[in-house]
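Just so you know, residue 1 is the first one in the sequence shown, and it goes up from there. What you see is a predicted model, and the numbers here were worked out from it, not measured in a lab.
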Amino acid sequence: MIYSLGEMLIDFMQEGSHYVPYPGGAPANVAAHARRRGADAVFVGKISTDTLGDLLHTTLKEHNILLPLPRSHKNTALALVSHKNGDRSFQFYRNDTADLSLSVKDIDTIVFKPADILHFCSLGLVAESTTRAAHHYAIQQCQNAGGIVSFDVNLRERLWPSLDAAYDAVMALVPHADIIKVNETELAWLTETQDVTIGMARLQTNKQLIICTLGAEGSEILKPNGERITYKPEIAQQVDTTGAGDSYIAMILASLSLSNVSFDTWLETHLEDAIAHASAVSAQVVQKQGAIPDINY
């Protein structure tokens, strides 16, 4: 099972002069893409009882990724997503919202098993909520059960009081992850170098699998044994990059989950095919609007 932990919110996507609501939130996107690929996956997060929360709840059920947790009476978090040449900018409305009320008690409803994967991002690590403690507890419980921990940094600077606070929260959990995904901007921020090769080596503090996505340029991968993989995809016409990284890591995790082999064996026998497939799927996602469009898996 893939447990994708964190926030689900409404993305108001710019379409011309209008903003149209779409279900969003990276962890929910990852669970949806992984489930579509055929992996067992659920979203672990708090959904509001408000009208927008009803939309999110319905989306989870439609994708069969609902982990039934008590819903929150707090409001649904919102993100305004503007576009220019396919690239995005975000404006968040996320003050004491439902997604920030995930608790340790909620995590206790999960019984982790050795083959399970726990995936999370940095948006749930802000200090002003119970969600940070829930993330730390979930990681500990998954590790104690012998599961795999996946961390997509997915930095959203505007949600943090400072970049220093974000850095401290992220780096505190880097040593506890088996898989770390960053883009080139996040890698440079975390490792203080523009050199991707040097940056990945600096970030690999505990023999993790490091994945650095480079947008249209593909991806660089550093395996736990120090071996590097460079993947160059075919060029895709970008309409909306929202969800591209989520679909990429979802395909990586789905490959691992569906392989029925150990993590070490998967690294040697499945990783390169998983990278190629993840790149092909994310290339489809950027050609359509929304984070979880209808595509071929």
Side-chain angles (χ1 to χ4, degrees), residues 2-9 11 24-35 37 39 41-45 65 79 88 90 99 102 116-126 131-132 134-136 138-139 142 147-157 159-160 166-167 169-191 196 199-200 203-206 208-215 218-222 241-257 263 271 274-275 278-279 281-282 285-286 291-292:
I2 300 169
Y3 293 98
S4 198
L5 173 69
E7 77 284 351
M8 191 177 190
L9 44 75
D11 287 328
N29 297 339
V30 169
H33 283 294
R35 175 68 79 171
R37 178 65 181 88
V42 292
F43 167 70
V44 183
I65 57 172
R88 306 162 295 163
F90 293 88
D99 61 295
L102 187 71
D116 288 339
I117 301 168
L118 177 69
H119 176 73
F120 69 100
C121 305
S122 67
L123 272 69
L125 302 180
V126 293
T131 307
R132 177 189 279 194
H135 276 63
H136 282 255
I139 292 165
C142 183
I148 298 294
V149 175
S150 166
F151 185 8
D152 182 354
V153 172
N154 196 36
L155 177 68
R156 297 291 179 260
E157 183 177 347
L159 290 176
W160 292 90
Y167 178 88
V170 168
M171 292 306 294
L173 291 180
V174 161
H176 299 280
D178 301 287
I179 301 170
I180 300 173
K181 176 190 165 294
V182 290
N183 60 35
E184 68 270 37
T185 302
E186 293 162 345
L187 182 65
W189 166 60
L190 290 171
T191 62
V196 171
M200 289 195 300
L203 192 61
Q204 193 188 55
T205 56
N206 197 23
Q208 304 97 328
L209 172 66
I210 309 294
I211 299 171
C212 181
T213 55
L214 308 171
S219 52
E220 292 280 348
I221 290 85
L222 180 63
T241 58
T242 305
D246 303 333
S247 66
Y248 184 107
I249 190 63
M251 294 305 100
I252 297 295
L253 300 182
S255 171
L256 174 57
S257 182
F263 183 49
L271 176 59
I275 292 165
S279 299
V281 167
S282 62
V285 170
V286 302
I292 44 176

*Is H33 close to V285 at the side-chain level, that is, under 4.5 Å between some pair of heavy atoms?*
yes

*Please work out whether the ring planes of H135 and F120 are parallel, tilted or perpendicular, with thresholds of 30° and 60°.*
perpendicular

*So how far is it from S4 OG to H119 NE2, rounded to the nearest 0.5 Å?*
5.0 Å

*Go through the structure and list residues passing ring-ring contact (aromatic ring centres under 6.0 Å, His included) with Y248, not counting sequence neighbours.*
none

_Partner residues of F43 under the ring-ring contact (aromatic ring centres under 6.0 Å, His included) criterion, sequence neighbours left out_ = none

_Donor-acceptor contact present, side-chain Q204 to main-chain I210, <3.5 Å_ = no

*Is there side-chain contact between T131 and E7, with at least one heavy-atom pair below 4.5 Å?*
no

*asked:* Checking side-chain contact (heavy atoms from CB on, under 4.5 Å) between L256 and each of I2, L271, I179, which is the one that passes?
replied: I179

_Nearest heavy-atom neighbours spanning M251 and A34_ = CE-N, 4.2 Å

_For the backbone of V196 and the side chain of E184, can you confirm whether one donor and one acceptor N or O come within less than 3.5 Å of each other?_
no

*Taking all atoms of both residues into account, what is the closest heavy-atom pair of P175 and A172, and its distance?*
CD-O, 3.8 Å

_Could you report the tightest heavy-atom contact between G24 and D11, atom names first, then the distance?_
CA-OD2, 3.4 Å

*Once you round to the nearest 0.5 Å, how far does CG of L203 lie from OG1 of T191?*
7.0 Å

*asked:* Can you confirm whether N183 sits close enough to W189 that some side-chain heavy atom of one is under 4.5 Å from a side-chain heavy atom of the other?
replied: no

*Please check if the side chain of S282 supplies one atom and the backbone of S247 the other of a donor-acceptor pair under 3.5 Å.*
no

*With the side chain counted from C-beta on, respond yes when L123 and L159 share a heavy-atom pair under 4.5 Å apart, and no when they do not.*
yes

*Got a second to check how far Y3's OH is from L118's CG, nearest 0.5 Å?*
10.0 Å

*Of the non-hydrogen atoms in I65 and A41, which two are nearest, and what is the gap between them?*
CG2-O, 3.5 Å

*State, yes or no, whether a side-chain contact exists between C121 and D152 at a heavy-atom distance under 4.5 Å.*
yes

*So, for A177 and F151, which heavy atoms are closest and what is the spacing to 0.1 Å?*
CB-CB, 3.8 Å

*Does any non-hydrogen side-chain atom of H176 lie less than 4.5 Å from one of L173?*
yes

*Measure the spacing between CZ of F263 and CG of D178 and express it to the nearest 0.5 Å.*
5.5 Å

*When rounded to the nearest 0.5 angstrom, what is the spacing between OG1 in T213 and CD1 in I249?*
9.0 Å

*OG1 on T185 to CG on L155, rounded to 0.5 Å*: 9.5 Å

*What are the two closest non-hydrogen atoms of D246 and N29, and how far apart are they?*
OD2-ND2, 2.9 Å

